[in-house]
Amino acid sequence: MAVQSVESSTTSSASDAPGAFGPAIALSCRECGERFDLGPIFACEVCFGPLEVAYELPAGDPEELRRRIEAGPNSIWRYAPLLPVPADVADLPSLHPGFTQLVKADNLARELGVTGELHIKDDSGNPTHSFKDRVVAIAVQAARTFGFTTLSCSSTGNLAGAVGAAAARAGFRSCVFIPHDLEAGKVVMAAVYGGELVGIEGNYDDVNRFCSELIGDPAGEGWGFVNVNLRPYYGEGSKTLAYEICEQLGWRLPDQIVIPIASGSQLTKIDKGLKELIAIGLVEDRPYKIFGAQAEGCSPVSAAFKAGHDVVRPQKPQTIAKSLAIGNPADGPYVLDIARRTGGAVEDVNDEQIVDAIKLLARTEGIFAETAGGVTVGVTKKLIEDGLLDPSLTTVVLNTGDGLKTLDAVAPTTGPSAIIRPTLDSFREAGLA
């Protein structure tokens, strides 16, 4: 992500809309700690480090907060007291994403030799069938407050669809940008909502650079780029995965969690969410390990982790896992810090292993994962085989999208078991009886 501060005369600050950001009180630099008013900026004016939302989190009786959350809507808005959103957010037009299934994966556990609890957090159940609905929902609330008229993004596919759908529901114009060679299913899904969809010749990093130029140009006046000038708010949506996992486990931390890495923001925000739950007493404070998962064809963070480096060197993506194909991940260094701090690791799998893992999850648990889900399941298998992930502990593996979006990955090796004539003799001859 290119680093630049963005201000617009057409937008308002948080001070103009009291209560619009709930418990959020400022934007804080992750590098130097400098604080700024809540506004449509994403880079520190002092050191150019990334900004994130800082809070005054609820104090008092944790049990009362638990009851309040559990009585809330079956969406991310049940966690409004912990998010940068107004208290009445559930009454505003949105797709109401979240509270997706945490599937106890006993069949997969047996296949992998897991003796503890194994769960799949299946975010394919969101409105546009990926976790991106969570992050976009938070960004839309910020866009409303700042007076933006157009929602936009750079995307590897899922985000484009999520922005298009959320904009349609909330009454925004949308114009989103994607690499020109994305999977057909994602292109159609992004276009069907009626906004403008623009293909850019190049990969995601090329798209992202273009958007960074547009946002500083008069042509981008009044535009809210969910993963650029709204990025601090957008990223907070991923925390809701942490909240849901712990609530669905009976308000306890998982011992181990395997998370896919694209920009790395999802992993860093899940860690932030777990730490917040500990800080306000909603879960017991105990160790947990976070593991990052990448595709071998785009594995800059995995490569840095294995080499013991603190710097993530960009790579040119070449993988079927296009939703993870970000060769210069903005949060890569922070992912390294979290994996090392928690005793986890960052690992990668090749395209063949991704396809095998997609089929394994489908065959054992009836969950058809996108290629990113194949990455997390494949990495989980590899981590167990290498002795890095303890099979006796409670483990959660993320599936962040629906396999119907990435049919091309499995289509060449998946099809009918047999083609027969409509007769019993033909059925028997095919060995199916």
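Q315 places a side-chain N or O within donor-acceptor distance of the main-chain N or O of S299, the cut-off being under 3.5 Å. With hydrogens and angles disregarded, a donor-acceptor distance shorter than 3.5 Å links the side chain of N107 to the backbone of T364. The backbone N or O of L249 lies less than 3.5 Å from a partner atom in the side chain of R252, making a donor-acceptor pair. Checked by atom type and distance alone, the side chain of T414 pairs as donor or acceptor with a backbone atom of V410 at under 3.5 Å. Under a 3.5 Å cut-off, the side chain of T423 and the backbone N or O of S426 do form a donor-acceptor pair. With hydrogens and angles disregarded, no donor-acceptor distance shorter than 3.5 Å links the side chain of N126 to the backbone of T128.
The two residues F146 and L230 make their nearest non-hydrogen contact at CD1-CD2, 3.8 Å. The shortest non-hydrogen separation linking A242 to L277 is O-CD1, 4.1 Å. Nearest heavy-atom pair across Y234 and A139 is CB-CB, 4.0 Å. Nearest heavy atom pair, residue K405 against residue N158, reads NZ-OD1, 2.8 Å. Nearest heavy-atom pair across A20 and T145 is CB-OG1, 3.5 Å. Contact detail for L27 and P232: the closest heavy-atom pair is CD2-CB, 3.8 Å.
A salt bridge links K275 with D271: the closest approach of a Lys/Arg side-chain nitrogen to an acidic carboxylate oxygen falls below 4.0 angstrom. Between R363 and E111 a salt bridge is recorded (basic side-chain N to carboxylate O distance below 4.0 Å). The pair E236-K239 counts as a salt bridge, with a side-chain nitrogen and a carboxylate oxygen less than 4.0 angstrom apart. A salt bridge links E370 with K186: the distance from a Lys NZ or Arg NE/NH1/NH2 to an Asp or Glu carboxylate oxygen falls below 4.0 Å. D310 has a carboxylate O that lies under 4.0 Å from a charged side-chain N of R340, or vice versa, which qualifies the two as a salt bridge. Look at D348 and K306 and you find a salt bridge, because one of the NZ, NE, NH1 or NH2 atoms lies within 4.0 Å of a carboxylate O, short of that distance.
Residue Y243 is tested with R78, E276, Q248 for a side-chain hydrogen bond (donor to acceptor under 3.5 Å, both in side chains); the sole match is E276. Here the options are T394, I278, V396, the test is side-chain contact (heavy atoms from CB on, under 4.5 Å), and the partner is L253; only I278 passes.
Using a 4.5 Å cut-off on side-chain heavy atoms (C-beta onward), L398 and D123 make no contact. Residues I138 and P84 meet the side-chain proximity criterion, which asks for heavy atoms closer than 4.5 Å. Between I354 and T319 the shortest side-chain heavy-atom distance falls below 4.5 Å. Inter-residue side-chain proximity for F131 and T240 is flagged as unmet; no heavy-atom pair is nearer than 4.5 Å. Two residues are said to be in side-chain contact when any heavy atoms from C-beta on lie closer than 4.5 Å; S124 and F368 fail this criterion.
Within 6.0 Å of NZ in K381 there are 12 or fewer heavy atoms belonging to other residues, nucleotides or ligands. Around CD of Q101, the count of heavy atoms belonging to other residues, nucleotides or ligands within 6.0 Å does not exceed 12. Within a 6.0 Å radius of CD in Q318, other residues, nucleotides and ligands contribute 12 heavy atoms or fewer. Within 6.0 Å of atom CZ in R68, 12 or fewer heavy atoms from other residues, nucleotides or ligands are found, so the atom counts as exposed in its surroundings.
Sorted by first and then second residue, the pairs that involve residues 312-334 and meet salt bridge (Lys or Arg N to Asp or Glu O under 4.0 Å), not counting sequence neighbours, are R30-D331.
To the nearest 0.5 Å, atoms CD1 (I290) and CG (L274) are separated by 5.5 Å. Rounded to the nearest 0.5 angstrom, N208 CG and T156 OG1 are separated by 10.5 Å. For the atom pair N74 CG and T100 OG1, the distance stands at 11.5 Å (nearest 0.5 Å).
S154 and Y204 are linked by a side-chain donor-acceptor pair at a separation below 3.5 angstrom, with hydrogens and angles left out of the test. Under 3.5 Å, the side chains of T400 and R134 contain no donor-acceptor pair of N or O atoms. Side chain to side chain, Q256 and T395 meet the donor-acceptor criterion of an N or O pair below 3.5 Å.
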Distance-only donor-acceptor hits, side chain of residues 195-203, under 3.5 Å, sequence neighbours excluded:
from: E196; atom 1: OE2; to: R173; atom 2: NE; distance (Å): 3.1
from: E196; atom 1: OE2; to: R173; atom 2: NH2; distance (Å): 2.5
from: N203; atom 1: OD1; to: D205; atom 2: N; distance (Å): 3.1
from: N203; atom 1: OD1; to: D206; atom 2: N; distance (Å): 3.1

